[in-house]
Asks: 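Here it is, the structure in full.
To find a chain, count down the sequence lines: A is the first, B the second, and so on, and within it residues start at 1. As a basis for the values below, the full set of heavy atoms in this structure was taken, side chains included, without hydrogen atoms, waters or symmetry mates.
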Amino acid sequence: MTDLTPTSPPASVDFIRAAVLEDIRSGRFGGRVHTRFPPEPNGYLHIGHAKAMAVDFGIAAEFGGKCNLRFDDTNPVKEEQEYVDAIMEDIRWLGYQWDGEPRYASDYFDQLYEWAVKLIKKGKAYVCDLTPEQMREYRGTLTQPGKDSPYRNRSVAENLDLFERMRRGEFAEGSRTLRAKIDMASGNINLRDPVMYRILHVEHHRTGNKWCIYPMYDFAHGQCDSIEGITHSLCSLEYEDHRPLYEWFLKELEIYAPRQIEFARLNLSYTVLSKRKLLQLVKEGHVRGWDDPRLPTLRGLRRRGYTPEAIRDFCARIGVAKNNTTIELALLEHCLREDLNRRAPRVMGVLRPLKVVIENYPEGQVEEMQAINNPEDPSAGTRLVPFSRELYIEQDDFRENPPPKYYRLAPGREVRLRYAYFIKCVGVVKDAAGNVIGLRCTYDPATRGGDAPDGRKVKSTIHWVSAAHALPAEVRLYDRLFTVPHPDDVDDGQDFKAYLNPHSLEVLTGSVVEPGLRNAQPGQSFQFERLGYFCVDPDSAGGKLVFNRSVPLKDSWAKIEKAQRGE
RNA sequence: UGGGGAUUCGUCUAGUGGUAGGACAGCAGACUCUGGAUCUGUAUGCCGUGGUUCGAAUCCACGAUCCCCAGCCA
């Protein structure tokens, strides 16, 4: 046969994968690929961590390698078991699997201590008695070199003795540190005799009271990677400056060295992704907790109705590079819609009900209309939806004075009720204040199922719920948490919270949904036709249904209307 | 004359000396029992200035802008 099929161009790889490929080809690590995901258990995971996981776990999987989970628990002041558990739960939910048992930097405290002693013996580390304030003064500034600590030239014997006594708890917290002896004049401040160990009379969530001195992250991370045989130590940009320090430790310790490669963290528009700010939003009550559906935390996204598939797809699409970037929230939303469009069962729900009485429909009659569960998935089948004389439709689907291009119901107009009949509006019911509180309509019995035998067309199809069969529901509508795309970019003296969106949550208590949803379970997602994707909130209990709007459907009428209002 | 990074459509991202491509967002159409989905079409970009070259986003030089670092946090 003619073999004119063009060979598909080599899928482009990002700079990290290119480096890994190069190392595999050169045999630098014997062809191995072993990464690690190293969270600090001092907070909950968010979408930014999802990107890191996509890189760490993703690359390992693609190259037939392994990825460890290692908790960087070197600071007992901030870390807790609760976070360890929550982090593991979130990783599993996202669909990633770490190699073997979870690891902890604290597993290696004994080894790290021995290595510290080794550096002391080599004359490469010393115990320093400078106070934190003094140490800052001695460190110099960004443009001026630091100066040597007066304790820098203590004898090896004295350092050994002092360090041992630090370990035994003879000294007060903060009174001494163990420092690497490198170069107080280095342009890289990380090399100006960095602290390796500090005294902390604090109980550790895993090692209890065994230690009262704890290694700094910088003295732990590279060695942990070394111990675990990590080949590619993938981390964020701010550690680029630390790489020379890690390499110094590894070289002086004469142990295996992984290759560290740095990439840019994720930023997302209209939200914040710093642990500090997230913590502030939760602590100060701007949101309802770590799993508030407005938060970019994995727990928040999960409760909002985001699927692991959508999040992983998002991570794949944004790529990996070294630029500082902010991804548009619209891309994340697109990924969710794309996933749910394929999988979510369709259902009819009316958010803001408007009562409709069909005058010529027999009182007491109920018909079961056949509805398609998912047009994207024929195997999802059909269901029966009850229809009767009194219905609810969406308030937004009726206008007494319809603007141009408005295709829905209006006095005298005919529309189709999805999967049911054509109806025509013949009357408007108002309250004393003149508000529309109901409609009088007539239906055409010949249009049952939604098609007119005479071939006449109708401009639009609207959703509905039979009043007598309607299930009451609470619906929570979410909008972006902040009003500006870059809440981090605040003017001096301004607080990022000044940009919190006061309308990020709107609770609708009078919504109704079709009766088939009676046994919907928390976490299940549905498409409310014409409106968006909604998932059942865990607050649903004892027959009370609560839905979260995960993301609205694209709404081209909303665009037209917005344009009509003059942008 | 501190050190380290970065700069390609609005937003991300490919491109590694040979026609700047993709995605999302935008706009315009088609189709439609979801104004959904889908499908078409379309506009917008190489930080700047020089240089090398037949040819530069890509190589060189100079400059500009942005990000990170002065925790006994990670």
Asks: Students often get this wrong, so: under 4.0 angstrom with heavy atoms, is Leu266(A) touching a base, only sugar-phosphate, or nothing?
Replies: nothing
Asks: So what does Lys459(A) hit on the nucleic acid, given a heavy-atom distance under 4.0 Å: a base, only sugar-phosphate, or nothing?
Replies: nothing
Asks: Classify Glu173(A) by what it touches in the nucleic acid, base, sugar-phosphate, or nothing, heavy-atom distance under 4.0 Å.
Replies: nothing
Asks: Just name whichever nucleotide pairs with G63(B), Watson-Crick or G-U, keeping both distances under 3.5 Å, else none.
Replies: C47(B)
Asks: When you measure from the side-chain N and O atoms of Lys322(A) to the phosphate of G4(B), is any distance below 4.0 Å, counting only OP1 and OP2?
Replies: no
Asks: With a 3.5 Å cut-off and heavy atoms only, can you find an N or O donor on one side and an acceptor on the other between the side chain of Glu529(A) and the base of G36(B)?
Replies: no
Asks: For the side chain of Thr447(A) and the backbone of Asp444(A), is there at least one donor-acceptor N/O pair under 3.5 Å apart?
Replies: yes
Asks: What nucleic acid atoms does Tyr419(A) come within less than 4.0 Å of, heavy atoms only: base, sugar-phosphate, or nothing?
Replies: base
Asks: Heavy atoms only, 4.0 Å cut-off, all strands: where does Ala321(A) land among base, sugar-phosphate and nothing?
Replies: sugar-phosphate
Asks: Would you classify G55(B) as syn or anti? Syn applies when the glycosidic angle is within 90° of 0.
Replies: anti
Asks: For Tyr421(A) and Pro445(A), work out which heavy atoms get closest and say how close.
Replies: CE2-O, 3.6 Å
Asks: With a 3.5 Å limit on both atom pairs, tell me what A56(B) is paired to, counting Watson-Crick and G-U wobble, or say none.
Replies: none
Asks: Among G35(B), C68(B), A25(B), which is the nearest nucleotide to the side chain of Trp557(A)?
Replies: G35(B)
Asks: Classify Arg243(A) by what it touches in the nucleic acid, base, sugar-phosphate, or nothing, heavy-atom distance under 4.0 Å.
Replies: nothing
Asks: Using the side-chain heavy atoms of Leu553(A), tell me which of these nucleotides is nearest: G35(B), A25(B), U34(B).
Replies: U34(B)
Asks: Of the candidate nucleotides C24(B), G36(B), A70(B), which contains the atom at the shortest distance from the side chain of Leu331(A)?
Replies: C24(B)
Asks: Taking 4.0 Å as the cut-off, does a side-chain nitrogen or oxygen of Arg198(A) come that near to OP1 or OP2 on A74(B)?
Replies: yes
Asks: Give a yes or no on whether the backbone of Arg408(A) and the side-chain of Arg413(A) come within a donor-acceptor separation of less than 3.5 Å.
Replies: yes
Asks: From C-beta outward on Ile327(A), which listed nucleotide comes closest to its side chain: C12(B), A74(B), U34(B)?
Replies: C12(B)
Asks: Is there a Watson-Crick or G-U wobble partner for A14(B) with both distances under 3.5 Å, and if so, which one is it?
Replies: none
Asks: Please check the phosphate of C72(B) (OP1 and OP2 only) for any side-chain N or O of Arg139(A) closer than 4.0 Å.
Replies: yes
Asks: Quote, to the nearest angstrom, the C1' distance that separates G17(B) from C60(B).
Replies: 13 Å
Asks: Tell me whether the OP1 or OP2 atom of U13(B) has a side-chain N or O from Asn323(A) closer than 4.0 Å.
Replies: yes
Asks: Measuring from the side chain of Gln527(A) (C-beta onward, heavy atoms only), which nucleotide among C69(B), U34(B), C27(B) has the closest atom?
Replies: U34(B)
Asks: Indicate whether OP1 or OP2 belonging to A6(B) is found under 4.0 Å from a side-chain N or O atom of Asn324(A).
Replies: no
Asks: In Watson-Crick or G-U wobble terms, both distances under 3.5 Å, what is the partner of A70(B)?
Replies: none
Asks: What nucleic acid atoms does Thr325(A) come within less than 4.0 Å of, heavy atoms only: base, sugar-phosphate, or nothing?
Replies: sugar-phosphate
Asks: Select base, sugar-phosphate, or nothing to describe what Tyr197(A) touches, counting heavy atoms under 4.0 Å on all strands.
Replies: nothing
Asks: Could you give the distance separating U7(B) and A23(B) at their P atoms, to the nearest angstrom?
Replies: 23 Å
Asks: Locate the shortest heavy-atom distance separating Tyr126(A) from Asp193(A); write the atom from each residue and the value.
Replies: OH-OD2, 2.6 Å
Asks: What does Ser269(A) touch in the nucleic acid at a heavy-atom separation under 4.0 angstrom: a base, only the sugar-phosphate, or nothing?
Replies: nothing
Asks: Indicate, with a heavy-atom threshold strictly under 4.0 Å, whether Met135(A) touches base, sugar-phosphate, or nothing.
Replies: base
Asks: Remember a base hit wins even if backbone is also touched, and classify Tyr406(A) as base, sugar-phosphate or nothing at under 4.0 Å, heavy atoms.
Replies: base
Asks: Provide the Watson-Crick or G-U wobble partner of G26(B), both distances under 3.5 Å; none if there is no partner.
Replies: U42(B)
Asks: OP1, OP2 of G36(B) versus side-chain N and O of Ser556(A): anything below 4.0 Å?
Replies: yes
Asks: Is His463(A) close enough to U34(B) that one of its side-chain N or O atoms is under 4.0 Å from OP1 or OP2 there?
Replies: no
Asks: OP1, OP2 of C72(B) versus side-chain N and O of Thr131(A): anything below 4.0 Å?
Replies: no
Asks: Could one point to a donor on the side chain of Glu240(A) or the base of G3(B) with an acceptor on the other under 3.5 Å away?
Replies: no
Asks: Would you mind telling me which of Asp107(A), Asp225(A), Asp56(A) makes a salt bridge (Lys or Arg N to Asp or Glu O under 4.0 Å) with Arg70(A)?
Replies: Asp225(A)
Asks: On the nucleotide C72(B), are OP1 or OP2 found under 4.0 Å from the side-chain N or O atoms that Arg136(A) carries?
Replies: no
Asks: Between Tyr214(A) and Arg198(A), is there a cation-pi geometry (under 6.0 Å to ring centre, at most 45° from the normal)?
Replies: no
Asks: OP1 or OP2 of C72(B) versus the side-chain N and O atoms of Arg176(A): is any pair under 4.0 Å?
Replies: no
Asks: Using the six-membered ring of Tyr104(A), assess whether NZ or CZ of Arg206(A) lies under 6.0 Å from its centre and within 45 degrees of the ring axis.
Replies: yes
Asks: So, does Glu529(A) use its side chain to make a donor-acceptor pair with the main chain of His463(A) at under 3.5 Å?
Replies: no
Asks: Tell me whether the OP1 or OP2 atom of A37(B) has a side-chain N or O from Lys554(A) closer than 4.0 Å.
Replies: yes
